[in-house]
Amino acid sequence: MFSLLVNIPANATWKQNGVTIAGGNGQGGATNQLWGLYGLFVDDDQTVVIADTYNDRIMQWKNGDTTNGQVVAGGNGKGNGLHQLDRPIDVLIDKETDSLIICDQGNRRVVRWSRRSDTTQGEILIDNIWCWGLAMDEQRNLYVSDYVKHEVRRYQLGEKNGALVAGGNGKGDGLNQLNLPTYLVVDRQQNVYVSDNNNHRVMKWNKGAKEGFVVAGGQGQGNALTQLYCPNGIFVDTLGTLYVADGGNNRVMRWTQRDKKQGTVIVGGNVRGEGANQLSYPAGLSFDREGNLYVGDQNNHRVQRFSIE
């Protein structure tokens with residue numbers, strides 16, 4: 001995820017009322033609906049690609065058409081055929097090959113689907129992995145979190161085993177451990193940020209490091225500004241500012257390089273609900289080039305866009 005290319009002013013604020021740009025028509029499998037969406041990815045033209053997890057498909061919603069999305073991978077029922085997905089949980093766009101790379105979690109595999117309109121099936125890139133989060137660096141190495149092995153590996157495309165870059169020392173809360181690593185971001189130096197879900201923290205592992213350090217949370221589960229509660233999607237901008245979908249607290253937080261001890265709430269943080277200023281277990285998180293914020297509002301089965309002010 002090339003989040004590093006987005007410049008967001010350090011003092012930016014966002015409108016507190018989000019606009020629904022995908023879904024929002026209740027839980028379901030119609031083209032205007034989503035069901036339990038997890039990861040999402042925003043393309044340069046503000047097209048949003050969504051892991052529509054419990055519909056076993058990847059949906060694409062074009063900017064300006066908030067009524068209906070189109071199925072761009074899967075959508076052929078739950079299964080392990082090459083034309084099927086089983087609870088896909090994260091997705092990114094590989095611009096070089098104009099394809100989608102998908103963590104097909106229920107099938108324990110990472111697959112690639114071309115974005116050409118005549119595509120009817122994907123190809124397996126990595127098999128036998130309890131994948132959750134995906135990221136790609138500028139050299140087109142693929143990073144995948146394994147939430148059963150509590151580790152993150154870096155793969156050259158076409159490689160099956162990968163190199164360990166975070167965790168891998170069993171489940172735990174030590175600085176060399178992770179506990180249910182989910183979403184990932186990789187910066188230009190190939191440092192890896194990991195949403196360490198069950199440790200209620202975000203970790204940064206510098207390239208080649210044997211242990212990471214806490215860049216957000218890590219003070220136990222809670223809703224203070226020093227705490228996170230089951231963090232999900234993360235994003236890092238050009239200044240190194242970290243943004244976190246703080247799932248259990250129904251809010252999105254910003255943690256700056258300057259102040260690592262506590263974050264600020266930028267949207268949500270009101271009681272869980274479906275109002276325009278509310279979220280219900282936010283999962284996927286992204287920004288477009290203008291700095292507008294996109295949140296996969298999981299339990300509301302919608303994607304909300306919060307405009308930068």
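This one's a predicted model, so the numbers in the text were calculated from it and none came from an experiment.
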hydrophobic_cluster_shared for [Y] and [X], side chain cutoff 4.5 Å:
X    : Y    : result
Y155 : L164 : no
F306 : Y281 : no
Y229 : V215 : no
Y193 : L239 : no

Pair T238-N7, side-chain donor/acceptor within less than 3.5 Å:
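Their side chains do contain a donor-acceptor pair, which is all the 3.5 Å distance test asks for.
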Going by distance alone, is a donor N or O of one side chain under 3.5 Å from an acceptor N or O of the other, for D237 and Y243?
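Y243 and D237 do have a side-chain donor-acceptor pair below 3.5 Å.
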So which pairs with a foot in [range] pass salt bridge (charged side-chain N to carboxylate O under 4.0 Å, His left out), sequence neighbours left out?
range            : result
residues 152-164 : E151-R153
residues 283-295 : D44-R289
residues 50-63   : D52-R57, D56-K78
residues 213-234 : none

Show the nearest heavy-atom pair for residues W113 and H83, with the distance to one decimal.
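That would be CH2-O, 3.7 Å.
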Please report the closest heavy-atom contact between I101 and L134, naming both atoms and the distance.
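Distance-wise, the nearest heavy atoms are O-CD1, 3.4 Å.
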One pair to check against salt bridge (Lys or Arg N to Asp or Glu O under 4.0 Å): D127 and R109. What are the steps and the verdict?
CA-CA 4 Å; D127 220 339; R109 65 191 185 186; over 6 Å; no
F287 and F235 aromatic ring geometry - parallel, tilted or perpendicular at 30°/60° bounds:
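Because their plane-to-plane angle lies in the 30° to 60° range, the rings of F235 and F287 count as tilted.
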Please verify the inter-ring angle class for W132 with Y183; under 30° counts as parallel, over 60° as perpendicular, anything in between as tilted.
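Geometry flag for Y183 against W132: perpendicular rings.
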What residues form a side-chain contact (heavy atoms from CB on, under 4.5 Å) with [X], not counting sequence neighbours?
X    : answer
S99  : D94, T97, R112
T264 : R254, I266
D45  : D43, T47
L37  : L34, I50, V303

With sequence neighbours excluded, what pairs up with E309 under the salt bridge (Lys or Arg N to Asp or Glu O under 4.0 Å) test?
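With sequence neighbours excluded, E309 shows a salt bridge (Lys or Arg N to Asp or Glu O under 4.0 Å) to no residue whatsoever.
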Do any pairs count as a disulfide (SG to SG under 2.5 Å) and have a residue in residues 239-301, sequence neighbours left out, and if so which ones?
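Listed by first then second residue: nothing to list.
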Inter- and intrachain pairs under disulfide (SG to SG under 2.5 Å), touching residues 127-196, at least two apart
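Sorted result for residues 127-196: C103-C131.
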Just jot down the side-chain hydrogen bond (donor to acceptor under 3.5 Å, both in side chains) partners of K207, sequence neighbours excluded, or say none.
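Counting only residues at least two positions away or on another chain, K207 forms a side-chain hydrogen bond (donor to acceptor under 3.5 Å, both in side chains) with Q190.
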Main-chain N/O of N232 paired to S195 side chain as donor or acceptor, under 3.5 Å
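Yes.
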Non-hydrogen side-chain atoms of D196 and V202 separated by less than 4.5 Å
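No. Closest side-chain heavy atoms not under 4.5 Å.
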With R305, the side-chain contact (heavy atoms from CB on, under 4.5 Å) member among N63, T20, T66
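That would be N63; it is the only one of N63, T20, T66 passing the side-chain contact (heavy atoms from CB on, under 4.5 Å) with R305.
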